[in-house]
Asks: 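Quick one: this structure, given as structure tokens, is what I'll be asking you about.
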Amino acid sequence: MSKYLHIQQFNGPLTHPDLQPMLRKLGYTMLGNGQSFQQFGQKPKVVDRAKESWLLDIYPERNFFSIDNLDEIEGDFSGLYFHKMKYSVDLFRDVFGVKCLYYYFKDDLLIASNELRAVLASLPKMPDINNSEIAAYFDPNTNDDFIKENTFFENIKRVLPGQRLHFRAGRIESSFFWQPNFNRTESPEELVKAFKNRLQKITLQRTEKQEKVAANLSGGLDSSSLCSIISKKSNANLKGIFFDSEGSASFEKKYAKEVADSGAFSMTEVVLTENMYDAIKKITRLTCKPESMIIPSAIFLPIMNAAALHGSQILVSGHGGDSTVGYGHVYLKKLISQNKFKKVREVLLKKWLLKDENDAEPFEEYLIQQVFTHSAASKPFLTLKMLLSNAFSRHILWEKIKKNLQKKAKNEATIPAILTDFDKVNTKSDELRTWYKSVKDPHHFSYIKNSLLGLGTHSMETLDAVGRQFDLISTYPFLDRELLSLAANVPPETNFQNGYLRGTLRDAMEGILPENVRLRTRKAAFNDFAYKNFKALEEASTPIFMEQHILWKYVKKDAYQKHLERIKNENIPLNEKGEDLWKSFKVIYLGIWLNEFYTS
């Protein structure tokens with residue numbers, strides 16, 4: 001059995017040239033990386049008893065009861081449990097997937113670490129590319145679905161949020177340790193009050209014992225709420241860090257400043273001074289996967305640097321607020337599904353009147369587009385119902401349909417599929433969806449799903465990997481099981497809040513957030529920032545991704561060029577280039593990843 005499992009602490013740099021041969025020489029089949037499983041530069045919690053051992057990375061620090069009480073731990077955690085008498089190993093990860101955990105399991109070889117690069121470093125050779133994951137990377141539907149177990153490397157997988165994997169006798173068994181409970185009897189008012197109390201409790205719990213706290217303060221409702229709670233309810237020395245995109249979204253700075261002034265804490269403004277291409281390369285090396293965001297994760301490099309300079313050991317983030325609180329669009333979808341178009345017109349008019357006059361299109365066009373956006377019905381069937389309702393201008397409705405059809409036909413005619421016909425195995429493992437299908441209420445199920453989307457989990461995995469370079473732990477107070485249960489039971493109409501949206505959080509923050517911020521309705525789009533970053537990346541990558549580059553094995557160069565032409569076409573409005581930017585960003589991100597791992 002000695003060939004089956006060894007646990008070894010390795011505290012040297014992962015870039016050490018002798019790491020791989022040293023591991024092979026020693027015969028280790030599991031690497032517990034001392035740089036990964038740690039808190040604030042300290043060694044991880046390790047328990048070694050006569051019959052069992054476990055290694056746990058958890059924040060905030062909480063007692064570990066037993067392997068069968070994982071559902072009782074409220075912190076963010078990942079860990080390894082080894083039963084010496086049974087020769088079995090369990091890997092596990094918190095229910096929102098805040099803490100990373102990856103593993104390789106093949107031919108009785110098990111390697112696990114919460115750094116992907118540590119798993120790669122302990123393999124005898126570089127694994128093959130997972131072609132199916134590249135196909136999924138360019139599929140827009142994957143951004144709106146549960147995170148999957150696969151990584152971009154064959155046979156290296158992630159432990160899924162809330163999953164427990166049991167390894168014994170060369171076999172693996174999967175289970176999930178958390179089953180949500182949405183059965184609540186409180187009134188809407190009581191739910192909002194309980195949400196407020198719970199959010200304050202969790203935020204303060206995540207920052208307790210910390211003399212200095214840094215927070216990513218974007219000016220939005222989520223980050224502003226957390227900063228206001230910390231500054232007004234604790235004695236922590238809080239530093240708000242605002243990333244200035246130096247474009248049309250810079251107006252967010254005034255909201256961030258107002259929150260800082262209201263809470264009497266200091267705010268630092270940072271920008272990305274590093275070359276964008278080099279910054280993306282750095283992120284890619286740390287995460288071992290292509291970047292997933294149009295607004296690149298590289299913006300967190302100066303944010304984390306500022307947090308480290310402040311002396312903070314944690315970075316508080318508002319990530320998860322959108323999914324936990326919800327927006328209120330469910331109310332619209334319900335009205336549309338019931339064909340209550342006159343009521344839809346009434347409630348959307350209230351929302352439209354709150355829009356900035358510079359952003360507001362004519363109401364009739366706005367109304368039609370919103371109905372199309374929030375309906376699950378087929379477009380022809382929905383159009384027929386809209387025509388029969390007499391709640392819409394038939395002339396404008398027809399013009400809108402004609403314009404959308406022309407735009408779709410033009411795009412399909414001019415832009416071929418972005419991916420080549422490379423060989424890939426279609427693996428559609430959807431364990432999270434299968435596990436949570438017991439949540440029968442579609443509204444409640446959507447809250448679970450939105451909290452476990454691939455895009456959000458990839459973002460947290462990136463921040464986890466980057467944060468370790470600054471001895472920082474990212475913490476997300478909105479990602480809390482009780483908060484999720486409370487918010488999911490607030491009636492959709494309450495959350496719609498007469499067009500303001502996100503009523504649960506707005507009501508909960510009354511008296512804590514400055515009113516100007518609490519009732520803000522305009523939100524930054526960051527279109528020009530994305531465009532500026534893409535131009536910099538494209539200029540730097542063009543001389544690198546030559547005709548013979550491995551990138552073009554996966555991407556059709558002519559399709560990429562078509563998207564480039566649209567992006568550079570000044571006659572096309574920037575807000576209509578979203579799909580072109582999304583696909584073109586991913587082409588470059590994939591090329592950088594391939595460069596780092598597969599071109600030597």
Asks: Heavy atoms only: give me the nearest Glu291-Tyr137 pair and the separation to one decimal.
Replies: O-OH, 2.5 Å
Asks: Run Asp222 and Leu226 through side-chain contact (heavy atoms from CB on, under 4.5 Å) and show every step you take.
Replies: CA-CA 7 Å; Asp222 300 324; Leu226 300 181; 5.9 Å; no
Asks: Do Leu309 and Lys239 have side-chain heavy atoms sitting under 4.5 Å apart?
Replies: no
Asks: Under a 4.5 Å cut-off applied to non-hydrogen side-chain atoms, are Leu590 and Phe138 in contact?
Replies: yes
Asks: Could you grab the distance from atom OG1 of Thr504 to atom CG of Leu486, nearest 0.5 Å is fine?
Replies: 9.5 Å
Asks: Output the distance between atom CG (Leu315) and atom CG (Leu463), rounded to the nearest 0.5 Å.
Replies: 7.5 Å
Asks: Would you mind reporting whether Arg206 and Asp76 have side-chain heavy atoms less than 4.5 Å apart?
Replies: yes
Asks: Report yes or no: is the cationic atom of Arg506 (NZ for Lys, CZ for Arg) under 6.0 Å from the centre of the six-membered ring of Tyr500, at an angle within 45° of the ring normal?
Replies: no
Asks: Tell me whether Lys535 is salt-bridged to Glu539, with the criterion being a basic N under 4.0 Å from an acidic carboxylate O.
Replies: no
Asks: Within the distance-only criterion (no hydrogens, no angle test), does the side chain of Lys212 pair as donor or acceptor with the backbone N or O of Asn237 below 3.5 angstrom?
Replies: no
Asks: Identify whether the distance between the nearest side-chain nitrogen and carboxylate oxygen of Asp528 and Lys532 falls below 4.0 Å.
Replies: no
Asks: Which atom names give the shortest non-hydrogen contact between Leu217 and Ala256, and what distance separates them?
Replies: CD2-O, 3.5 Å
Asks: Can you establish whether the number of heavy atoms outside Glu482 located under 6.0 Å from its atom CD is more than 12?
Replies: yes
Asks: By the definition side chain to side chain donor-acceptor pair (under 3.5 Å), identify the one residue from Glu115, Glu461, Arg117, Glu149 that meets it with Tyr102.
Replies: Glu461
Asks: So, using side-chain contact (heavy atoms from CB on, under 4.5 Å) as the criterion, who are the partners of Trp178 when residues are at least two apart?
Replies: Val95, Pro180, Tyr436, Ile448, Arg481, Leu484
Asks: Minimum heavy-atom separation for His458 and Ser292, please, with both atom names.
Replies: CB-OG, 3.8 Å
Asks: Taking the side chain from Ser323 and the backbone from Gly320, do they hold a donor-acceptor pair closer than 3.5 Å?
Replies: yes
Asks: Would you indicate whether the side-chain heavy atoms of Ile294 and Phe526 approach each other to under 4.5 Å?
Replies: no
Asks: Is there a donor-acceptor contact under 3.5 Å from the side chain of Ser234 to the main chain of Leu204?
Replies: no
Asks: Do Ser474 and Ser317 pass the side-chain contact (heavy atoms from CB on, under 4.5 Å) test, and can you show the C-alpha distance, the side-chain angles, and the key distance before you say yes or no?
Replies: CA-CA 7 Å; Ser474 291; Ser317 171; 5.6 Å; no
Asks: Would you confirm whether the ring centroid of Tyr447 sits within less than 6.0 angstrom of the ring centroid of Phe182?
Replies: no
Asks: State the CD1-OG distance between Ile58 and Ser78, to the nearest 0.5 angstrom.
Replies: 9.5 Å
Asks: Counting only N and O atoms by type, is there a donor-acceptor contact under 3.5 Å from the side chain of Thr521 to the main-chain atoms of Leu354?
Replies: yes
Asks: Nearest 0.5 angstrom please: Asp471 CG to Ser312 OG, how far?
Replies: 11.5 Å
Asks: With the side chain counted from C-beta on, respond yes when Glu252 and Arg520 share a heavy-atom pair under 4.5 Å apart, and no when they do not.
Replies: yes
Asks: Should we say atom NZ of Lys232 is surrounded by more than 12 heavy atoms from elsewhere, each under 6.0 Å from it?
Replies: yes
Asks: Salt bridge check: are Asp261 and Lys257 linked by an N-O gap of less than 4.0 Å?
Replies: yes
Asks: Under the salt bridge (Lys or Arg N to Asp or Glu O under 4.0 Å) rule, what do Lys289 and Glu133 come out as? Steps first, then yes or no, please.
Replies: CA-CA 11 Å; Lys289 60 185 177 182; Glu133 193 64 11; over 6 Å; no
Asks: Mind checking the CZ-NZ spacing from Phe251 to Lys253? Nearest 0.5 Å is all I need.
Replies: 12.5 Å
Asks: For the pair Lys583 and Glu579, evaluate salt bridge (Lys or Arg N to Asp or Glu O under 4.0 Å) and give the outcome as yes or no after the intermediate values.
Replies: CA-CA 6 Å; Lys583 289 182 177 178; Glu579 183 179 351; 3.1 Å; yes
Asks: Can you sort out the partners of Thr324 under side-chain hydrogen bond (donor to acceptor under 3.5 Å, both in side chains), two or more places apart, ordered by chain and number?
Replies: none
Asks: Whether the side chain of Ser446 engages the backbone of His443 through a donor-acceptor N/O pair (distance < 3.5 Å, no angle test) should be reported.
Replies: yes
Asks: Using side-chain heavy atoms (C-beta onward) and a distance below 4.5 Å, is Phe152 in contact with Ile134?
Replies: yes
Asks: When you look at CG of Asn575, are more than 12 heavy atoms from neighbouring residues, nucleotides or ligands closer to it than 6.0 Å?
Replies: yes
Asks: With a 4.0 Å cut-off, would you call Glu515 and Arg518 a salt bridge?
Replies: yes
Asks: Could you tell me whether the side chain of Ser584 and the main chain of Leu581 form a donor-acceptor pair under 3.5 Å?
Replies: no
Asks: Where the side chain of Asn533 meets the backbone of Phe529, is there a donor-acceptor pair that is under 3.5 Å apart?
Replies: yes
Asks: With a 4.0 Å cut-off, would you call Arg502 and Asp322 a salt bridge?
Replies: yes
Asks: When you look at Leu505 and Leu199, which way does the side-chain contact (heavy atoms from CB on, under 4.5 Å) test go after all the steps?
Replies: CA-CA 10 Å; Leu505 183 57; Leu199 180 59; 4.0 Å; yes
Asks: Which heavy atom in Asn114 sits nearest to a heavy atom in Cys100, and how many Å separate them?
Replies: CB-O, 2.7 Å
Asks: Please name the pair of heavy atoms, one in Gln210 and one in Ala236, separated by the smallest distance, quoted to 0.1 Å.
Replies: O-CB, 3.7 Å
Asks: In sequence, state the C-alpha distance, the side-chain angles, and the governing distance for Gln370 and Trp352, and then conclude on side-chain contact (heavy atoms from CB on, under 4.5 Å).
Replies: CA-CA 10 Å; Gln370 287 287 297; Trp352 181 81; over 6 Å; no
Asks: Could you check Trp582 against Tyr589 for ring-ring contact (aromatic ring centres under 6.0 Å, His included), going step by step and ending with a plain yes or no?
Replies: CA-CA 11 Å; Trp582 181 81; Tyr589 293 155; over 10 Å; no
Asks: Indicate yes or no: at least one non-hydrogen side-chain atom of Asp145 is less than 4.5 angstrom from one of Lys449.
Replies: yes
Asks: Hey, are the side chains of Phe242 and Val270 touching, using non-hydrogen atoms and a 4.5 Å cut-off?
Replies: no
Asks: Would you call the rings of Trp435 and Phe176 parallel, tilted or perpendicular, taking 30° and 60° as the class edges?
Replies: parallel
Asks: Of all heavy-atom pairs between Asp244 and Val271, which one has the smallest distance, and what is that distance?
Replies: O-CG1, 3.6 Å
Asks: For Tyr327, enumerate each residue passing the ring-ring contact (aromatic ring centres under 6.0 Å, His included) test, keeping only those at least two apart in sequence or located in another chain.
Replies: His329
Asks: For the atom pair CG (Leu286) and CG (Asp464), what is the distance rounded to the nearest 0.5 Å?
Replies: 11.5 Å
Asks: Start with the C-alpha distance between Ser218 and Ser223, add both sets of side-chain angles, then the distance that settles side chain to side chain donor-acceptor pair (under 3.5 Å), and finish with yes or no.
Replies: CA-CA 6 Å; Ser218 68; Ser223 63; 3.1 Å; yes
Asks: Is Arg158 reaching over with its side chain to a backbone N or O of Leu101, donor-acceptor style, under 3.5 angstrom?
Replies: no
Asks: Would Glu190 and Arg184 count as a salt bridge (Lys or Arg N to Asp or Glu O under 4.0 Å) here? Give the steps.
Replies: CA-CA 11 Å; Glu190 289 171 331; Arg184 309 199 73 98; over 6 Å; no
